[in-house]
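Each chain gets a letter, A, B and so on, in the order the sequences are listed, and its residues count up from 1. Heavy-atom basis, side chains included; hydrogens, waters and symmetry copies ignored.
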2 protein chains.
Amino acid sequence: MNNTLQNRLSLKTQPSLEESATFLDNAVQENNCIIIIGCCSVKYEGRARSILQLGERVVFIKEDKALLIHRGRGYKPVNWQSSSSYISISLRGENLRIRSIRRQPREVIEITFTDIYTLLTFTLIDEGEFSLYVSERDIQRVLIKEPKLIEEGFTPLEFEKQIDPGFIDVYGIDSKGNLVVIEIKRAKARKEAVIQLSRYIRSIESTTERKVRGLLIADSITKSAHRMMKTLNLEFKSLDLNECADILKRFDDFQKKLQL
Amino acid sequence: MNNTLQNRLSLKTQPSLEESATFLDNAVQENNCIIIIGCCSVKYEGRARSILQLGERVVFIKEDKALLIHRGRGYKPVNWQSSSSYISISLRGENLRIRSIRRQPREVIEITFTDIYTLLTFTLIDEGEFSLYVSERDIQRVLIKEPKLIEEGFTPLEFEKQIDPGFIDVYGIDSKGNLVVIEIKRAKARKEAVIQLSRYIRSIESTTERKVRGLLIADSITKSAHRMMKTLNLEFKSLDLNECADILKRFDDFQKKLQL
DNA sequence: TGCTAAATCTCGAAC
DNA sequence: GTTCGAGGTTTAGCA
């Protein structure tokens, strides 16, 4: 058997709603992906409530019963349901109704189709690995590997050090023996990052007589946050994300070699 | 001319990549919606970076060039680009490449197809109104209309009162003449809501000699947030969202009647 | 444009 | 199961 996607895909154009109901019910039972293009209205009730009046939309149901309702514009679905919800298909008078129910929190979506133009069901074979890099966590990894990126002579003592107000990203000593509290932000740092850092410093200062420096490492910083840092006598250091990506890549390549 | 969606939709099954390129290029120029089912890999570079290895996926491009790449599971797209980005289609050796570029922040997605199984392009006619209820803003509207829901004898003075740390949701006086600072959370309130409220209270207390009460109104509250409230001597009041929805509905119906 | 706070936030990890 | 923090958060509103 030739297992191309073409053989795992079926298509109906202009199906009757009766035909669609049978077809959809079957596809849902078999955990297929489903794409429906048609005219529908949508009601949602759960954490909030919404009503979407009649119009043409694309409804996408996935293998795990995740459900998306998309209009012609915008990146976000107008209505949705996350996976592990229960889906039922039924005919209601002149219409076809799809109900998706999720428990915890209880949320119900009801789609009422007056017309279905195109119906696609299929399964996707997809073992491709997805890797995202240069997250805040990745920056930490880079700084663990290359503490001199923080500053020459810096010695890290702890990462994710737990204190009362939360977790200090990096905690260590500089070349002069001062304690250093470091807060990392991957993107542009704002006031709240400065507030967070100053809270950590106050907490550390209450436990020691030594001088405590506060260092915010980020891609960049907003003006008002920078002003706040100056008045609080904190330091900002920008970090080149491309450089981090390069180091990470070299590091990961090295790790892979070790595994071979 | 019969303007059903069927006449605004075209479908290709098992198109060659050359054929696909022409077809897609045209669809992109004309701001059509596009759904591609096929085998592809994806590279993303922008605020972060990611690589998605080869596998079967659904790619959805909308009228406004919003782009979604979906795998067979999960509510969220594995990669995406918001609208108003630039899209280009090209053949690269044995493959078809879709590039989506966004400025500010600069982000690039590159999809490389080795196989396209199904290609759909269409336009959606969708004038249906979307209305969402019981947002935090809606709760404020309800409390403006029915201040006794806050407590008997409460008199609101200001909504969205601006002070240094931010905006106070509701500010007023209770029946005994005490000032009351109210923070509203639509869902379950967590520690951060309590911290926010206490910041507002400290700010108000610094401007007056009068007693200042702090009241958190929310659907519910986490245990640790509740403990924090007790130690800070703040008050919590739960609010029934269904009741709010009913009041809103009655209110909106009344407004509509006035407009007639 | 920058900044603040909400969101049907989602997601994952720790407790 | 609950809580908490981070996110390519996204998005809306306002100075």
Side-chain angles (χ1 to χ4, degrees), chain A residues 42-50 66-67 69 74-83 85 100 102-109 132-140 160 162 165-167 169 184-193 195-196 219-228 241, chain B residues 44-50 66 74-83 102 104-109 130 132-140 160 162-169 183-193 195-196 200 218-228 241:
Chain A
V42 184
K43 258 205 253 186
Y44 154 72
E45 225 179 289
R47 286 168 294 180
R49 293 147 186 252
S50 73
L67 181 145
I69 301 160
Y75 134 77
K76 282 182 80 178
V78 59
N79 283 110
W80 69 90
Q81 188 82 281
S82 62
S83 55
S85 57
S100 162
R102 169 193 187 185
R103 287 111 159 84
Q104 200 60 26
R106 179 173 172 87
E107 303 201 273
V108 181
I109 288 184
L132 182 77
Y133 34 98
V134 203
S135 60
E136 201 167 300
R137 192 77 191 179
D138 286 327
I139 294 175
Q140 254 193 54
E160 295 294 337
Q162 186 171 13
F167 294 85
D169 288 334
I184 299 168
K185 282 282 168 262
R186 199 189 45 75
K188 186 174 268 196
R190 298 188 299 178
K191 280 184 187 172
E192 57 186 88
I195 292 167
Q196 213 173 335
D219 172 68
S220 54
I221 187 166
T222 66
K223 278 182 191 168
S224 67
H226 196 63
R227 273 195 300 274
M228 189 186 281
L241 285 181
Chain B
Y44 154 73
E45 225 178 287
R47 286 169 294 178
R49 292 149 186 251
S50 72
Y75 138 75
K76 282 182 81 177
V78 59
N79 282 111
W80 69 93
Q81 188 84 280
S82 61
S83 55
R102 170 194 188 185
Q104 201 59 26
R106 182 176 170 84
E107 303 201 273
V108 181
I109 289 183
F130 177 72
L132 183 75
Y133 329 86
V134 204
S135 63
E136 202 167 299
R137 194 78 189 180
D138 287 327
I139 294 175
Q140 255 192 54
E160 295 294 337
Q162 186 172 11
I163 55 167
D164 179 40
F167 294 84
I168 295 176
D169 289 333
E183 173 69 19
I184 299 168
K185 283 281 170 264
R186 200 188 45 76
K188 187 174 267 194
R190 300 196 292 183
K191 279 184 187 172
E192 57 186 274
I195 291 167
Q196 214 173 334
Y200 296 156
D219 172 69
S220 54
I221 187 166
T222 66
K223 279 181 191 169
S224 67
H226 197 62
R227 272 196 301 274
M228 190 186 279
L241 285 182

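OP1 or OP2 of D/dT10 lies within a sub-4.0 Å distance of a side-chain N or O belonging to B/R47. Residue B/K185 places at least one side-chain N or O closer than 4.0 Å to OP1 or OP2 of C/dA6.
To the nearest 0.5 Å, the span separating OG on B/S220 from NE2 on B/H226 amounts to 11.5 Å. In this structure, NZ in A/K223 is found 8.0 Å from CZ in A/R227, a value given to the nearest 0.5 Å.
Nucleic acid contact for B/V108: none, since no nucleic acid atom lies under 4.0 Å from a heavy atom of the residue. Within 4.0 Å (heavy atoms only), B/S135 reaches sugar-phosphate atoms of the nucleic acid but no base atom. Across all strands, B/G166 comes closer than 4.0 Å only to sugar-phosphate atoms, never to a base (heavy-atom distances).
Residue-to-nucleotide proximity on DNA chain D shows that, of B/N79 and B/A225, the 5′-proximal contact is made by B/A225.
In this structure, A/Q81 contributes its side chain and A/S100 its backbone to a donor-acceptor pair below 3.5 Å.
When each of C/dT10, C/dT8, D/dG8 is scored by its nearest atom to the side-chain atoms of A/Y44, the top-ranked nucleotide is C/dT8. When the nucleotides C/dA7, C/dT8, D/dT11 are ranked by their closest atom to the side chain of A/Y75, D/dT11 comes out on top. Of the candidate nucleotides D/dG7, D/dT10, C/dA6, D/dG7 has the atom lying nearest to any side-chain atom of A/E136. Considering only the side chain of B/Y200, C/dA5 comes nearest among D/dT10, C/dA5, D/dG7. Closest to the A/Q196 side chain, of the nucleotides D/dA6, C/dA7, C/dT8, is D/dA6. Counting only heavy atoms from C-beta on, B/E183 has its side chain closest to C/dA6 among D/dG7, C/dA6, C/dT10.
Comparing the C1' positions of C/dA14 and D/dG8 gives a spacing of 24 Å, expressed to the nearest Å. Comparing the C1' positions of C/dT8 and D/dC14 gives a spacing of 25 Å, expressed to the nearest Å.
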Taking only N/O atoms, report every protein-nucleotides 1-3 of chain D pair under 3.5 Å with atom names and distance.
{"from": "D/dT2", "atom 1": "OP2", "to": "A/Q104", "atom 2": "NE2", "distance (Å)": "3.0"}
{"from": "D/dT3", "atom 1": "OP1", "to": "B/K223", "atom 2": "N", "distance (Å)": "3.3"}
{"from": "D/dT3", "atom 1": "OP2", "to": "B/K188", "atom 2": "NZ", "distance (Å)": "2.8"}

With the criterion being N/O to N/O and under 3.5 Å, what pairs connect the protein with nucleotides 12-15 of chain D, and how long is each?
none

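In this structure, A/S85 and A/S82 approach most closely via the heavy-atom pair OG-O, 3.4 Å. Of all non-hydrogen atoms in B/A218 and B/A189, the two that sit nearest each other are CB-CB, 3.9 Å.
The side chain to side chain donor-acceptor pair (under 3.5 Å) check on B/S135 picks up B/D138, with sequence neighbours excluded. Applying the side chain to side chain donor-acceptor pair (under 3.5 Å) criterion to A/R47, with sequence neighbours excluded, gives A/E107. Partners of A/N79 according to the side chain to side chain donor-acceptor pair (under 3.5 Å) rule, which considers only residues two or more places apart in sequence or in another chain, are A/S50. For A/Y75, the ring-ring contact (aromatic ring centres under 6.0 Å, His included) criterion is met by B/W80, not counting sequence neighbours.
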